[in-house]
Amino acid sequence: MSTAEPIDDLISNAPPLAPPNDEASSSTEPPFAHRHLRDDAFWREIPAFSDVSEEEFLDTTWQMRHSIYGEDQLIEMLEQVAPDAFVDDVRKGFHEAPMTVRITPYIFSLIDWDHPRQDPLRLQFLPISSRLSPDHPMLTLDSLGEQEDAPVEGLTHRYPDKALFLVLDTCPVYCRFCTRSYAVGVDTDTVDKENLRVDPERWERAFDYIEAHPELEDLVISGGDTSNMPAKYIREIGERLLNIDHVRRIRYASKGPAVMPMKILTDDDWVEALADVHEMGQKRHKEVALHTHFNHPREITEITRRAMDRLFEEGIRVRNQCVLQRGVNDDPETMKLLTRRLGEVNVQPYYVYQHDMVEGVEDLRTSIRTNLELEKEVRGITAGFNTAMHIVDAPGGGGKRDVHSYEYYDRDTGISVYTAPSVKPDEYFMYFDPLHSLSEEMQQTWQDPDERDRMCNKAIEAARANR
Ligand SMILES: *Cc1c(COP(=O)(O)O)cnc(C)c1O
Ligand code: SF4
């Protein structure tokens, strides 16, 4: 038997140098899955929406009116699509959660009701009691310290040249993992909220502050969600800010495109208000952008594409801020598909956030280690400007840090330590991996207050020594 193979065989057996699409070889997704967006009347599978026409479904007013809000409506809808045991699990979860429930017919219909427990969309919006894990002992409600850095109610000024302006406290949906569960939504069994209502008088105090601070060039208009702002206020706030000389950039934050893309197609007043503010900005050479929040590739459908096309034609830049969540998007294939699909609809992946340390949603957090590994997998699959930076918003007000930039990270205790020289020099900020990502033994150790102090002090000392 000859060991030599003819050269032609070697060539034809060799794997192609560059596979046309690495998804094809490493997952069950079809090639170019990111280009295939759902385009059927998917909502008709839900009994309550079985007669709803496309025209109705695309109508923002219809979506708002049929949003599922609060316990009774939720249970009524769930009983049509899910087994009793699951419905009971949600009912119980609802009372234990820091956020109330609100979900649009669009998202409700995209949930795979044959597998609601694992479904990545269900996980984000509907709590189930059996999956809730105990909070990490180091966790606080306003973990980012947004209220501490707020000189005026609803205006957080933490970074040198930019500020976060929370104009209202409602959203078209309520996400279980919301960082601002201290303010957003109505009070729940577990949280009494701060109020940040639509209130032009409160906004006036914020405008005064911004005018008096010439270093402020960049304003984030958020909430809550600017989708819930009447068009008139989108316009007024935008114009007011652009009229301040030193304001160079504004962005509206809205989850609308991800949870109710039809708003962009049929709420003409709102889109025109945004487009007018954008145009005013253009004339003054100031950027007006929209920041949104897709977390899973299945949230992007043909309806989304049409909505994003409209904004693209207006010249409005849309960027995405995604939250890394266990069981939702913490595997490389999902994150790659999300990244490519966002690019496909001209939404620029901007940030992937390490999940904040928020009360009552430990089941959704991942370790820093998981985040680091995901970033490594995703970087390189597409244009660098369409690849998100992975960040952690340092608990205690350190601000956003590149997740890789820790001074110290102990994978056993789950403690990572960050510094923020441009924001709060000389301070150390710790992030804590969720207990469920640690060994049984380590989970026990965290229950002991003396051990806690010892582990934290050791981590800070090691970080100091590393610098
Ligand atoms: C996120 C954030 C901003 C904006 O930060 P970018 O990194 O520019 O997106 C501004 N202020 C606060 C308090 C923030 O949390
Ligand atoms: S849309 Fe944003 S602000 Fe509103 S609940 Fe979700 S994460 Fe919180």
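Just follow the structure's listing: the first ligand is 1, and inside any ligand the first atom is 1. All values below were derived from every heavy atom in this structure, side-chain atoms included, with hydrogens, water molecules and symmetry-related copies excluded.
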Is it the case that Gln63 and Thr104 place a side-chain donor and acceptor less than 3.5 Å from each other?
-> no
Heavy atom of Arg251 under 4.0 Å from ligand 1?
-> yes
Using 30° and 60° as the class limits, which term best fits the ring planes of Tyr106 and Phe57: parallel, tilted or perpendicular?
-> tilted
Consider only side-chain N and O atoms of Gln354 and Tyr431, and report whether a donor and an acceptor are under 3.5 Å apart.
-> yes
Among Tyr159, Tyr350, Tyr351, closest by any non-hydrogen atom to atom 12 (C) of ligand 1 = Tyr159
Would Ser133 and Asp363 count as having a side-chain donor-acceptor pair, cut-off 3.5 Å?
-> no
Distance from atom 7 (S) of ligand 2 to nearest protein heavy atom, with residue and atom | Cys175 SG, 3.7 Å
Interfacing atoms of ligand 1 (cut-off 4.0 Å, heavy-atom, Thr156) | 13 (C)
Got an N/O contact under 3.5 Å between Lys162 and ligand 1?
-> yes
Would you tell me which option among Arg158, His291, Lys400 has the nearest heavy-atom contact to atom 3 (C) of ligand 1?
-> Lys400
Within the 4.0 Å heavy-atom cut-off, what His157 brings close to ligand 1 is neither
If we only count N/O pairs under 3.5 Å, is Tyr353 in contact with ligand 1?
-> no
Indicate yes or no: at least one non-hydrogen side-chain atom of Glu71 is less than 4.5 angstrom from one of His95.
-> yes
Pull out every atom of ligand 2 sitting under 4.0 Å from any heavy atom of Gly224, numbered as shown with elements.
-> 3 (S)
Does any N, O or S atom of Cys178, backbone or side chain, fall under 2.8 Å from atom 8 (Fe) of ligand 2?
-> yes
Minimal non-hydrogen separation, Val277 against Gly238, with atom names | CG1-CA, 3.8 Å
For His296 and Gln325, does a side-chain donor sit closer than 3.5 Å to a side-chain acceptor?
-> no
Starting from atom 2 (Fe) of ligand 2, locate the nearest protein heavy atom and write down its residue, its atom name and how far away it is, to 0.1 Å.
-> His293 ND1, 4.4 Å
Near Leu164, which atoms of ligand 1 are under 4.0 Å from a heavy atom of that residue?
-> 11 (N), 12 (C), 13 (C)
Counting backbone and side chain alike, does Cys171 bring an N/O/S atom below 2.8 Å of atom 6 (Fe) of ligand 2?
-> no
Under the criterion salt bridge (charged side-chain N to carboxylate O under 4.0 Å, His left out), which of Lys162, Arg158, Arg249, Arg248 is the partner of Asp218?
-> Arg249
Identify, by atom number and element, the atoms of ligand 2 in contact range of Lys255, meaning under 4.0 Å from any of its heavy atoms.
-> 1 (S)
Do the side-chain N and O atoms of Asn466 and Tyr406 include a donor-acceptor pair separated by under 3.5 angstrom?
-> no
